[in-house]
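Chain naming here is simple, since letters A, B, ... match the order of the sequence lines and numbering starts at 1 in each.
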Amino acid sequence: MSNANSTGVLSGNHYLDGDHACAEGAIAGGCRFAAGYPITPSTEVVERIASRFPLVGGRFQQFEDELGASIALLGGVWGGAKAMTVTSGPGFSLMMEHLGYAAITETPCVYIDVQRPGPSTGLPTAPAQGDMMQARFGSHGDFRVIALCPNSPQECFDLTFRAFNLAEEYRVPVLVMLDEVVGHMTEKVVIPTPDKLQVTPRRYTKKKPGEGFKLYEAPAGSLVPEMVKAGDGYRIHVTGLTHDERGYPAMNVPTQEKMQARLMDKLLNNVDQIVSWEEKNLAGAEVVVVSYGITSRVAEKAIQAARDQGVKVGSFRLITAWPFPEKQIKALAGKVKAFVVPELNLGQMALEVERVVGGKTKTVSVPHPGGTVHNPEVITKAILEAVR
Amino acid sequence: MTTTATPAPKKDKKFKGVVVINRESCKGCAFCVEFCPLGALDLEKDYNAKGYHPPYLAKPELCNGCDTCGLYCPDFSIFGYREKLEQAA
Amino acid sequence: MSAPVKENPVNKYLRTERMPSIWCPGCGIGTTVNCFTRALDASGFDLDKVAIVSGIGCTGRVAGYLKLDSFHTTHGRAIPFATGLQLANPDLKVVVYSGDGDLTAIGGNHLVHAARRNADMLVVCVNNFTYGMTGGQVTPTTFRPAIASTTPYGAYEETFNLPRLADSCGAVYVARWTAYHVRQLAKSMGEALNKKGFRFIEIIAPCPTLYLRRNKLGDGLDEMKFYREKSVIKHGADTREVNLDFRQEITVGKFVDRERPTLEEAMEKQMTKTLGSKYVPYQSPGKKPAWS
């Protein structure tokens with residue numbers, strides 16, 4: 001860990017919207033290359049980046065489409081930069097192929113998705129949380145990502161900053177999953193001084209060229225290989241094909257099994273270091289509301305209303321949606337009567353809660369097609385019914 | 001397997017052409033034979049392990065080591081070079 | 001008497017442990033790679049600073065065979081990857097090496113925009129008029145009325161004139177050669193390597209297995225002889241006049257060679273003009289190796 005580069009950090013108290021806070025979090029996290037394509041409601045992130053980068057030694061390039069933007073940042077990473085791209089639903093769909101490419105090539109990178117209702121063009125400039133399963137399963141084949149869900153502009157800063165650290169730690173794509181409300185709401189954002197911001201530098205190998213470096217060989221005791229950058233003399237080969245430890249294509253089943261096992265395990269074996277959540281009043285709770293993003297703030301009112309009526313309701317807010325805090329939810333499963341899962345989609349993370357709970361406890365989905373947030377009363381009603 | 005063929009040099013030449021052929025990696029496309037500017041190469045009647053007819057230096061006295069065969073070869077299986085006669089001795 | 005066995009000069013540019021290549025007998029891609037290595041050799045470049053980026057397909061495999069920092073990306077996206085790589089590490093010389101289907105169909109949008117913005121890269125497009133790896137489907141360059149597996153009754157679409165496309169979008173160097181023109185091609189690649197900005201070289205090359213056989217045009221060698229017979233070198237030709245047609249004359253040569261600010265130069269200039277001393281230029285990570 002090292003302190004954030006002070007040229008980039010706008011330390012102090014600000015009044016920022018979530019999109020702009022994401023941009024500041026990225027800059028503080030060391031991002032100096034960004035590729036983008038305009039799409040509502042995410043565009044303010046790249047607008048902020050476009051205006052701030054020339055003042056902090058960064059390079060932004062707007063591309064012809066999200067297909068280009070979502071791989072240009074990966075080129076930037078292999079060139080030696082920390083990099084990200086930003087989009088919303090339709091663009092996120094176009095970026096799926098490169099999420100898979102980033103996963104198989106173990107390119108540390110950050111994708112920000114400011115969610116709006118779909119499918120397709122749907123309802124731009126309105127909130128939704130309908131890309132949660134796409135974040136996890138959207139690219140073809142099996143792969144793992146980290147997905148973070150801020151519920152305030154402050155968290156947009158904090159989690160985007162953390163996303164860059166996680167990307168370097170595990171060499172995976174890290175997704176910051178906003179919704180339109182969090183992206184566009186303006187609140188106080190406190191940006192710490194650089195000495196309070198610990199940045200994970202790229203984990204470059206200490207081996208020089210010719211000293212037996214292998215691009216996809218994890219050092220002893222780790223499942224995450226060390227990085228190099230282009231131009232340093234290693235003559236690396238990076239491919240989206242199934243590859244061996246040298247990075248060379250090896251189209252056979254044993255290589256596929258070995259590669260895939262490590263790609264999965266490097267996250268699954270480190271879930272405890274990655275997962276984060278916020279819990280309230282879980283002790284003795286009869287019902288636990290599992291929520292994330294803007295819905296967690298709407299749910300607070302609903303929870304209070306239910307508690308006012310004497311129901312013991314706890315709150316479990318997902319900060320990492322992926323990996324899912326499976327252990328924590330499982331531990332609650334035997335103790336509570338029900339999980340209530342409000343979200344701005346027709347029941348996506350509710351499926352994951354239901355899977356993890358495994359029938360031990362009732363899971364009540366409180367779906368919403370998006371476009372606005374829940375009426376808190378709908379959530380209160382679901383809590384009251386669940387406890388009966 | 002790598003084989004070399006070395007021509008007997010003409011007396012007035014300062015260098016001789018040498019062609020090096022990796023007959024096992026050859027896929028028998030015959031580009032080198034067709035485009036040798038001096039017509040020095042031909043395909044073997046024999047097959048290599050993969051079932052292709054690799055080239056050989058049929059007329060060593062014609063080769064001047066220009067490496068046109070090397071430029072054409074899509075399988076990096078042949079190249080030519082010039083050897084100074086003083087050094088080759 | 002036997003001469004000392006020398007190493008093939010091309011070997012130092014190849015991942016020889018990955019040979020033989022997947023390319024069919026009589027395929028022209030390997031010949032173009034051979035020319036490329038000769039151009040690199042002549043360039044005197046520090047090869048550690050040369051990066052090669054390919055898309056998907058038969059030509060897309062070039063990146064995997066060259067012993068350079070090499071990136072085998074996704075279908076059609078070599079150019080935006082290369083743009084990101086070069087902008088983030090301007091100390092690199094970036095070459096995109098891919099096929100007609102990859103660069104001009106699925107990747108066509110990136111091709112035109114990279115040329116428009118004069119992104120600093122050499123794009124080598126091996127045009128064999130078909131999607132080889134997927135079994136010989138029609139591409140934007142397949143002539144009417146050639147047979148492809150997806151035009152079993154003959155192709156009927158207008159084709160791209162690739163030099164004109166690259167020229168009209170602003171490429172600073174545009175040339176076309178065939179796999180037959182090895183010396184000219186190697187020279188042209190060398191020239192293009194030494195320029196800055198968006199450079200485009202189209203190479204007509206035989207696909208014996210899927211394009212030629214299906215169209216009863218003989219094998220790779222027959223096609224190479226056809227190129228010898230039908231090619232006419234016209235340097236400086238107006239790219240509007242260099243359209244290709246089925247079994248017709250092939251105009252080859254260097255068509256465009258001009259100067260224009262690169263994307264990076266234009267970006268730097270504009271920022272400096274507007275921001276003055278507030279502008280903090282990008283520090284290339286390529287200035288020193290990560291291990292130092």
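- Only the side chain of C:Leu275 comes within contact range of chain A, judged by heavy atoms closer than 4.5 Å.
- Among the candidates A:Gly231, A:Gly76, A:Gly240, A:Gly247, the residue making the largest number of heavy-atom pairs closer than 4.5 Å to chain C is A:Gly231.
- The local environment of CD in C:Gln283 is sparse, with at most 12 non-hydrogen atoms from other residues, nucleotides or ligands closer than 6.0 Å.
- In this structure, A:Arg235 contributes its side chain and C:Asp69 its backbone to no donor-acceptor pair below 3.5 Å.
- With hydrogens and angles disregarded, a donor-acceptor distance shorter than 3.5 Å links the side chain of C:Ser70 to the backbone of A:Ile236.
- Side chains of C:His72 and A:Leu241 form a contact here, defined as non-hydrogen atoms less than 4.5 Å apart.
- For the pair C:Arg117 and A:Phe63, the cation-pi criterion (under 6.0 Å, within 45° of the ring axis) is fulfilled.
- For A:Ala230, the parts lying near chain C are the backbone and the side chain together; criterion is any non-hydrogen pair under 4.5 Å.
- Using a 4.5 Å heavy-atom threshold, the side chains of C:Arg15 and A:Tyr248 count as touching.
- No part of C:Gln270 comes within reach of chain A, as not one of its non-hydrogen atoms sits under 4.5 angstrom from that chain.
- Heavy atoms of other residues, nucleotides or ligands lying less than 6.0 angstrom from CZ of C:Arg164 number 12 at most.
- Proximity to chain C (any heavy atom under 4.5 Å) is shown, for A:Glu64, by both the backbone and the side chain.
- The shortest side-chain heavy-atom distance between C:Trp291 and A:Tyr234 falls under the 4.5 Å cut-off.
- Of all residues spanning residues 42-57 of chain C, those with a heavy atom less than 4.5 Å away from chain A's heavy atoms are C:Leu47, C:Asp48, C:Lys49, arranged by number.
- Side-chain contact between C:His110 and A:Leu67: present, with at least one pair of heavy atoms (C-beta onward) separated by less than 4.5 Å.
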>> Test side chain to side chain contact (heavy atoms under 4.5 Å, CB included) on A:His237 and C:Lys67; report intermediate values, then the result.
In response: CA-CA 8 Å; A:His237 184 57; C:Lys67 196 156 64 183; over 6 Å; no
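- Heavy atoms closer than 4.5 Å to chain A are found nowhere in C:Lys93, neither backbone nor side chain.
- Options C:His75, C:His113, C:Arg77 differ in how many heavy-atom pairs under 4.5 Å they form with chain A, and the most are formed by C:Arg77.
- Between C:Ser292 and A:Lys208 there is no side-chain heavy-atom pair separated by less than 4.5 Å.
- Note that CG of C:Asp91 is 10.5 Å distant from CG of A:Asp232, once rounded to the nearest 0.5 Å.
- Among C:Pro289, C:Gly107, C:Pro90, the residue making the largest number of heavy-atom pairs under 4.5 Å with chain A is C:Pro289.
- The ring-ring contact (aromatic ring centres under 6.0 Å, His included) test applied to A:Phe60 returns no partner, not counting sequence neighbours.
- Cation-pi check for A:Arg32 over C:Tyr282 is not met; the charged atom does not lie both under 6.0 angstrom from the ring centroid and within 45 degrees of its normal.
- The candidate from A:Gly80, A:Gly57, A:Gly100, A:Pro209 with the greatest count of non-hydrogen atom pairs under 4.5 Å with chain C is A:Gly57.
- The heavy-atom pair separating A:Lys229 from C:Ala290 by the smallest distance is NZ-N, 3.8 Å.
- Contact of A:Leu73 with chain C is not made at all, since no heavy-atom distance falls under 4.5 Å.
- Interface remark: of the candidates C:Gln86, C:Lys278, C:Arg18, C:Arg61, C:Arg18 forms the most heavy-atom pairs closer than 4.5 Å to chain A.
- Here C:Thr74 is the residue among C:Leu92, C:Asn89, C:Thr74 with the most heavy-atom pairs under 4.5 Å with chain A.
- By the 4.0 Å N-to-carboxylate-O rule, C:Glu264 lies close enough to A:Arg59 to be salt-bridged with it.
- Taking 4.5 Å as the limit, some side-chain heavy atom of A:Gln61 sits within range of a side-chain heavy atom of C:Leu263.
- Of the listed residues (C:Glu17, C:Arg116, C:Met271), the greatest number of heavy-atom pairs within a distance under 4.5 Å of chain A belongs to C:Glu17.
- In this structure, chain C has a heavy atom under 4.5 Å from the side chain of A:Tyr101, while its backbone stays farther away.
- One finds the CD1 atom of A:Ile71 at 10.5 Å from the CZ atom of C:Phe71 (value rounded to the nearest 0.5 Å).
- Interface summary for chain A: among C:Thr274, C:Thr73, C:Val94, C:Thr83, the most heavy-atom pairs under 4.5 angstrom belong to C:Thr73.
- The candidate from A:Ala81, A:Pro249, A:Gly58 with the greatest count of non-hydrogen atom pairs under 4.5 Å with chain C is A:Pro249.
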